[in-house]
Amino acid sequence: METTDLEAFLSRAKALCVLTGSGISQESGIPTFRGNDGLWKQYRAEVLATPGAFARDPKLVWEWYAWRREIIHRAQPNAAHQALVELEAEFSARPGGRFALLTQNVDGLHERAGTGNLIRLHGDIWRLRCTGCGAERQDYSVPLDRLPPHCSFCFSLLRPAVVWFGESLPQEEWARAADVSASADLFLVIGTSALVQPAASLPLLAKQNGGLLIEINPAPTPLSGLADLAIRGKAAEVLGGLSSRIPDA
Ligand code: OAD
């Protein structure tokens, strides 16, 4: 059975790097982007998730993020988020062991589950950034006010501190992500369609540097053919209770 292979790979690894996408939060009740019920099937990214969209219609974009916040606010981390917390503890306790979690998700469920070494590639829906001076602050309000607030320093509009289409990833996070990917001996990709660059290139970086690649996803992706192990299943079903099943190396 495939999960036995997963446990065997994990028991032999030293430096584990994990990349997650919206699929890991699907079993928590948060919609993905490109599945049948995905957000980009119902809404157009170019009117909701670009800097131009916010400049044209800040209220519309703000309301869309307010709605997503409400869904996320009701959600709880699931067994897959929890399993990654346990894997971090397990790898940190191994001699020479390392763990890093790179996420494209902005929902904050990895943080709520308790992951420590987390790199957010696409920002954080619970953070606001000034469109003028760039000042940032956390903001957990649900529901949000109907209009975006103004910056208390320069009075420009505040926007969600997430990466929109056409924007670069945060530089420092990207550099750290590339670094841990290149030095991983095992790279686990969970719940991403692997269609959005540059995040989708990180597993390739691991492979190019000799790392093994495991994918967990109910559907095939462009990475599946490169994977040393492709597990067709839902994240929480595959990963739930995993750490107690990993044999000693
Ligand atoms: P996608 O919606 O593109 O892909 C979600 C993936 O999760 C698909 O491959 C599904 O098959 C898989 N999936 C669905 N349910 C799952 C489950 N229960 N367990 C495991 N996998 C499951 O979402 P992302 O790959 O995260 O970017 O999308 C990448 C980026 O595109 C997002 O970060 C966002 C979006 O536009 C920005 O907002 C910049």
Side-chain angles (χ1 to χ4, degrees), residues 2-3 6 18-54 61 64-65 67-69 71-72 75-84 101-110 113 118-127 129 159-170 173-174 177 188-204 213-227 229-240 242:
E2 277 174 326
T3 46
L6 170 63
V18 184
L19 173 68
T20 62
S22 60
I24 196 169
S25 297
Q26 185 266 338
E27 288 152 280
S28 294
I30 301 176
T32 63
F33 291 94
R34 294 177 181 78
N36 285 338
D37 304 325
L39 294 171
W40 298 150
K41 290 275 158 71
Q42 301 164 61
Y43 304 96
R44 287 169 54 211
E46 59 274 26
V47 295
L48 294 168
T50 67
F54 190 69
V61 173
W64 192 64
Y65 278 91
W67 171 73
R68 285 182 59 199
R69 272 184 182 228
I71 295 173
I72 294 168
Q76 297 299 324
N78 65 45
H81 299 100
Q82 193 52 46
L84 295 179
L101 173 48
L102 324 177
T103 190
Q104 298 166 88
N105 299 345
V106 298
D107 58 29
L109 292 192
H110 288 305
L118 177 68
I119 301 176
R120 289 185 212 91
L121 297 168
H122 290 169
D124 180 354
I125 201 168
W126 303 110
R127 226 173 145 73
R129 185 167 65 241
R159 54 164 277 185
V162 299
V163 175
W164 280 333
F165 288 96
E167 293 185 318
S168 304
L169 270 55
E173 280 78 354
W174 175 252
L188 188 53
V189 190
I190 307 169
T192 177
S193 59
L195 291 173
V196 174
Q197 295 293 353
S201 69
L202 292 168
L204 305 180
L213 179 62
I214 300 181
E215 175 178 68
I216 300 173
N217 195 315
T221 77
L223 291 175
S224 305
L226 293 169
L229 177 64
I231 300 175
R232 294 276 155 261
K234 293 187 164 200
E237 286 174 13
V238 173
L239 292 171
L242 175 74

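Index from 1, following the sequence. Just follow the structure's listing: the first ligand is 1, and inside any ligand the first atom is 1. Just so it is clear, the values below take in all heavy atoms, side chains as well, and ignore hydrogens, waters and symmetry mates.
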[X] to ligand 1, any heavy atom closer than 4.0 Å:
X      : answer
Ala49  : no
Ile24  : no
Leu195 : no

| query | Does a side-chain heavy-atom distance below 4.5 Å link Leu48 with Leu39? | reply | no
So for ligand 1, is [X] a polar contact partner (N or O within less than 3.5 Å, distance only)?
X      : value
Phe33  : yes
Trp164 : no
Gly21  : no
Phe165 : no
Thr221 : no
Asn105 : no

Subset of ligand 1 atoms that lie under 4.0 Å from at least one heavy atom of [X]:
X      : result
Glu27  : 17 (C), 18 (N), 19 (N)
Ala219 : 11 (O)
Val196 : 29 (C), 30 (C), 31 (O)
Trp40  : 35 (C), 36 (O)

Give the residue and atom name of whichever protein heavy atom lies nearest to [atom], and the separation in Å to one decimal.
atom                    : result
atom 29 (C) of ligand 1 : Gln104 OE1, 3.4 Å
atom 19 (N) of ligand 1 : Ala235 N, 2.9 Å
atom 31 (O) of ligand 1 : Arg34 NH1, 3.0 Å
atom 18 (N) of ligand 1 : Gln26 OE1, 2.7 Å
atom 33 (O) of ligand 1 : His122 ND1, 2.8 Å
atom 23 (O) of ligand 1 : Ser22 OG, 2.7 Å
atom 17 (C) of ligand 1 : Gly23 O, 3.1 Å

Which option, [options], owns the non-hydrogen atom nearest [atom]?
atom                    : options                : result
atom 21 (N) of ligand 1 : Ala236, Pro218, Pro222 : Pro218
atom 10 (C) of ligand 1 : Thr32, Leu169, Asn217  : Asn217
atom 38 (O) of ligand 1 : Asp37, Val163, Thr50   : Val163

Calculate, to the nearest 0.5 Å, the distance between atoms [atom1] and [atom2] belonging to [X] and [Y] respectively.
X      : Y      : atom1 : atom2 : answer
Asn78  : Ile30  : CG    : CD1   : 9.0 Å
Asp107 : Ile24  : CG    : CD1   : 9.5 Å
Leu109 : Ile72  : CG    : CD1   : 7.0 Å
Glu167 : His122 : CD    : NE2   : 10.5 Å
Leu202 : Gln197 : CG    : CD    : 8.5 Å

| task | Could you tell me whether the side chains of Glu215 and Ser224 share a donor-acceptor contact shorter than 3.5 Å? | result |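 The criterion, which ignores hydrogens and geometry beyond distance, is satisfied for Ser224 and Glu215.
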| Going by the angle between their ring planes, with limits at 30° and 60°, are His81 and His110 parallel, tilted or perpendicular? |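 Perpendicular.
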| request: Could you give me the CA-CA distance, side-chain angles and deciding distance for Phe54 and Tyr65, then say whether side-chain contact (heavy atoms from CB on, under 4.5 Å) is met? | output: CA-CA 11 Å; Phe54 190 69; Tyr65 278 91; over 6 Å; no
